[in-house]
Amino acid sequence: MRPEPSPHPPAARVALLVNTHALPPLSYLVPPELRRRVTTGSLVVVRLSGRSELGVVVGLLPDGDDRAREEILRVVERLRLPSTTVSLCLRVCEEAAAPLAPVLRAALPPGLGIAGYRVRGSLPGWPWRPGELVSRSAARRALGAGLREAEAAGILELAPSLPEPGTVELAVITSAREPDLSRAPRQRALLEALRRRGGRCRVDELLREASASRSSLRALAARGKVRTLRVAEPPPLLEGLQSELPERTAADAARRVLEGGLWLWRAPTRAHPAAAAALAAAAVSAGRQALILIPEVEMMGPVVEQIRRVLPKSASVATYHAGMGRARSALYGAAAAGRLDVLVGTRSAALLPLGRPRPLLCVVDEPNEAHRAEPGYEGVPLHVREISLLRAAAEGGGALFLSRCPSLALYGRPGVCEIPPPPERRWPAVRIVDMRGSGAPLSRTALEACRRALGTGRRVGVVGNRLGYATSMVCNGCGAALRCPRCHLALAVLADGLSCPRCGRREPARERCPDCGSGRLGPAGLAVERLRRELSRSLGTDNTGLLAGGRILRADEAPVVVGTPHPMLSRRWDCVVLPDADHLLLASPAGARERAFRLLHRAAEATERLLIIQTRHPEDPVLRAAVDDDYPSFARVELGRLRALGYPPFGGLVAITLRGPEEVVRRAVESRVRSALQSGVELWGPVPAPSADGPSAWRLLLRSRERAAAARAGRLVARRLARAERISVRVEVDPEEV
DNA sequence: AGCACGCCGACT
DNA sequence: GTCGGCGTGCTC
């Protein structure tokens with residue numbers, strides 16, 4: 001039987017590069033002359049409401065679509081996404097409940113200008129010459145409503161621009177006669193340095209090496225012995241050094257990943273560079289590419305160094321992050337063409353197309369929250385872990401996740417296999433000090449440890465609460481925290497009473513503990529400044545240091561240093577004191593127990609000899625598991641709890657932050673959100689958003705027993721809210737703070 | 001009738 | 001995102 005001829009000509013689904021939740025991909029006719037050039041991943045120019053827009057073809061419809069009316073106007077040459085990258089981006093958008101545009105942009109070359117016109121003709125009083133490039137905003141300013149006519153007449157043509165490759169200035173020795181430089185020592189030094197470099201070298205490097213100035217070089221050039229020229233800057237590739245073999249257990253782990261699949265390796269943080277290097281070496285030996293994803297730029301140095309040591313000299317490695325400017329787009333080209341072997345990058349590299357099939361992925365320090373862009377800012381608001389899980393499945397390469405204490409979202413994920421963790425050899429002694437019945441901020445044990453440090457040259461780090469951490473009210477008698485009767489979360493302390501961080505329920509401040517009746521109810525949480533004053537007084541010395549955010553005082557010399565967790569625990573100390581573990585163990589946000597475990601574990605990793613933990617909950621299972629380096633038993637208990645509550649990774653949770661006047665927000669929620677929800681999706685809020693989101697921000701929570709249903713609801717709600725005026729919308733799947 | 005405003009859907 | 005249509009409520 002012959003198939004019926006289709007009633008429609010072929011069409012393409014086009015995702016416009018317009019950053020809004022409101023526009024789904026739209027169908028456009030493919031004119032016959034473009035049929036061979038329009039494929040999934042093509043960058044095309046189309047018309048929307050009479051204006052031209054740039055879009056990416058995300059699918060072909062050979063049988064057409066009766067909604068398609070407009071034709072694709074042009075195909076942009078030199079730029080095309082692989083179809084696997086396009087389907088990966090579509091999956092990422094589904095999971096992140098994000099608009100397509102920012103996700104596709106993350107896969108396109110950095111610096112791609114999508115809002116500029118090329119001038120194709122001229123009109124009377126026209127300020128531009130033919131051939132010139134004009135930004136869309138300048139054209140709009142100059143022409144107003146006339147812009148659309150100019151577009152329709154083809155006088156202005158939407159023209160995406162790739163960043164111009166950077167140039168470098170080279171100095172080259174010419175064949176001119178040897179000049180007499182006996183009275184010009186600087187010029188002589190320059191010429192000698194240039195000869196040592198083989199007669200051709202970058203001007204900036206040459207001047208630095210000869211410690212000469214540009215005027216000396218100019219003088220030398222005037223004599224004709226040297227000339228300078230500008231050439232396109234090559235991408236900043238580094239070669240392998242081949243000075244070491246990959247570490248043996250890491251190489252064993254890498255071999256498994258080479259076979260494909262999703263792998264978790266609970267190696268300690270200090271072993272991550274060696275693990276990433278072994279994976280890179282395995283990829284290169286198999287002729288494949290490796291993408292190493294690092295949460296923070298500062299961590300890239302040691303990882304790249306380690307990788308270079310184990311790579312052969314013929315292999316290339318490069319770093320990739322947002323601060324690199326033009327060099328980044330040259331690297332994009334090299335990676336996409338398959339010329340680069342190993343890319344070490346931040347989250348901005350997670351969707352970057354790689355030219356060779358089945359690349360290996362490695363996510364370093366997997367649970368780190370810097371692996372995700374904050375929603376509402378540039379970038380993809382989905383954790384690199386999730387992107388990598390999708391990417392490995394789409395491309396068929398393997399993925400390796402590194403963390404001694406991985407996220408429960410990964411550990412509890414079906415299909416992720418664990419490589420047996422190496423034994424932890426370096427672990428301190430731990431003293432857990434029961435603070436029940438004590439009102440003092442520091443125990444005798446902690447003070448003695450500090451006092452001992454004064455004379456011996458050993459160093460103690462005292463870790464206060466993170467700045468801006470929500471505090472709770474805790475009973476100094478029995479240890480109970482004041483909790484919301486509905487949600488059973490610890491109540492946050494505000495200026496005018498207590499408030500549940502989830503449902504927004506307000507409670508008056510209290511004098512007495514509702515559990516034991518004691519009057520010794522006080523705010524939990526020690527600020528670093530208060531701790532330091534307390535310590536200086538008790539020790540009778542001013543020689544204490546401070547290391548908190550931007551405030552650094554004697555942090556490298558003082559025998560006792562007080563500070564906030566992040567800077568404190570990225571250093572090593574002979575002794576670490578955690579004066580208040582309870583604010584971690586009791587903190588209200590969902591996911592806080594996971595963060596508490598990780599912070600306690602990091603404190604142990606940062607300690608050489610003795611870790612002192614003050615708590616009113618000495619038997620807390622999270623605390624016990626952390627100081628015993630027993631992640632599996634923590635995960636077992638916590639995953640059981642999350643499963644019972646239907647929280648991620650077992651259910652879906654989507655936070656929607658709305659900014660706008662309260663009345664407008666409430667009305668929009670009533671009229672647009674409630675009606676959009678399907679059964680099985682719960683809606684909480686709106687409650688005032690955490691203060692970090694700024695004034696007049698409100699937060700909605702969508703919850704479902706099914707991950708996919710929650711993300712779907714998030715997309716639907718975002719789409720309906722996107723067109724409400726005077727409201728800005730931000731969607732976050734699996735939010736960190738709830 | 002004439003206009004500002006906000007809501008709402010279309011745009012392929 | 002951007003636009004235009006339309007109902008509402010106000011003023012002349």
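Letters A, B, ... mirror the listed sequences (proteins, then strands); counts begin at 1.
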Identify each atom pair where a protein N or O and an N or O of nucleotides 10-12 of chain B are less than 3.5 Å apart, giving names and distance.
| residue | atom | partner | partner atom | Å |
| --- | --- | --- | --- | --- |
| dT12(B) | O3' | S27(A) | O | 2.8 |
| dT12(B) | O3' | R69(A) | N | 3.4 |
| dT12(B) | O3' | E70(A) | N | 3.2 |
| dT12(B) | O2 | S27(A) | N | 2.3 |

Give R720(A) one of three labels, base, sugar-phosphate or nothing, depending on what nucleic acid heavy atoms sit under 4.0 Å from its own.
nothing

Using the test side chain to side chain contact (heavy atoms under 4.5 Å, CB included), find all partners of P10(A) that sit at least two apart in sequence or belong to another chain.
R35(A)

Closest non-hydrogen atom pair between L90(A) and V58(A), with its separation
CD1-O, 4.1 Å

Going by salt bridge (charged side-chain N to carboxylate O under 4.0 Å, His left out), name the residues that satisfy it together with R339(A), two or more places apart in sequence or in a different chain.
none

Length of the CD-C1' vector between E151(A) and dT2(C), whole Å:
13 Å

Applying side chain to side chain donor-acceptor pair (under 3.5 Å), name anything that partners R140(A), two or more places apart in sequence or on another chain.
none

Could I get the full list of side chain to side chain contact (heavy atoms under 4.5 Å, CB included) partners for A150(A), not counting sequence neighbours?
W126(A), L143(A), L156(A)

Separation of R148(A) atom CZ from dG1(C) atom C1', in whole Å?
12 Å

Distance-only donor-acceptor pairs under 3.5 Å for side chains of residues 105-114 of chain A, two or more places apart:
| residue | atom | partner | partner atom | Å |
| --- | --- | --- | --- | --- |
| R105(A) | NH2 | L112(A) | O | 2.6 |

Round to the nearest Å and state the distance from H21(A) atom NE2 to dT2(C) atom C1'.
17 Å

Within this structure, what is the CD1-to-C1' distance between I114(A) and dG1(C), rounded to whole angstrom?
11 Å

Separation of atom CZ in R667(A) from atom C1' in dC8(B), rounded to whole Å:
14 Å

Take atom CG of L100(A) and atom P of dG1(C), then tell me their distance rounded to the nearest Å.
15 Å

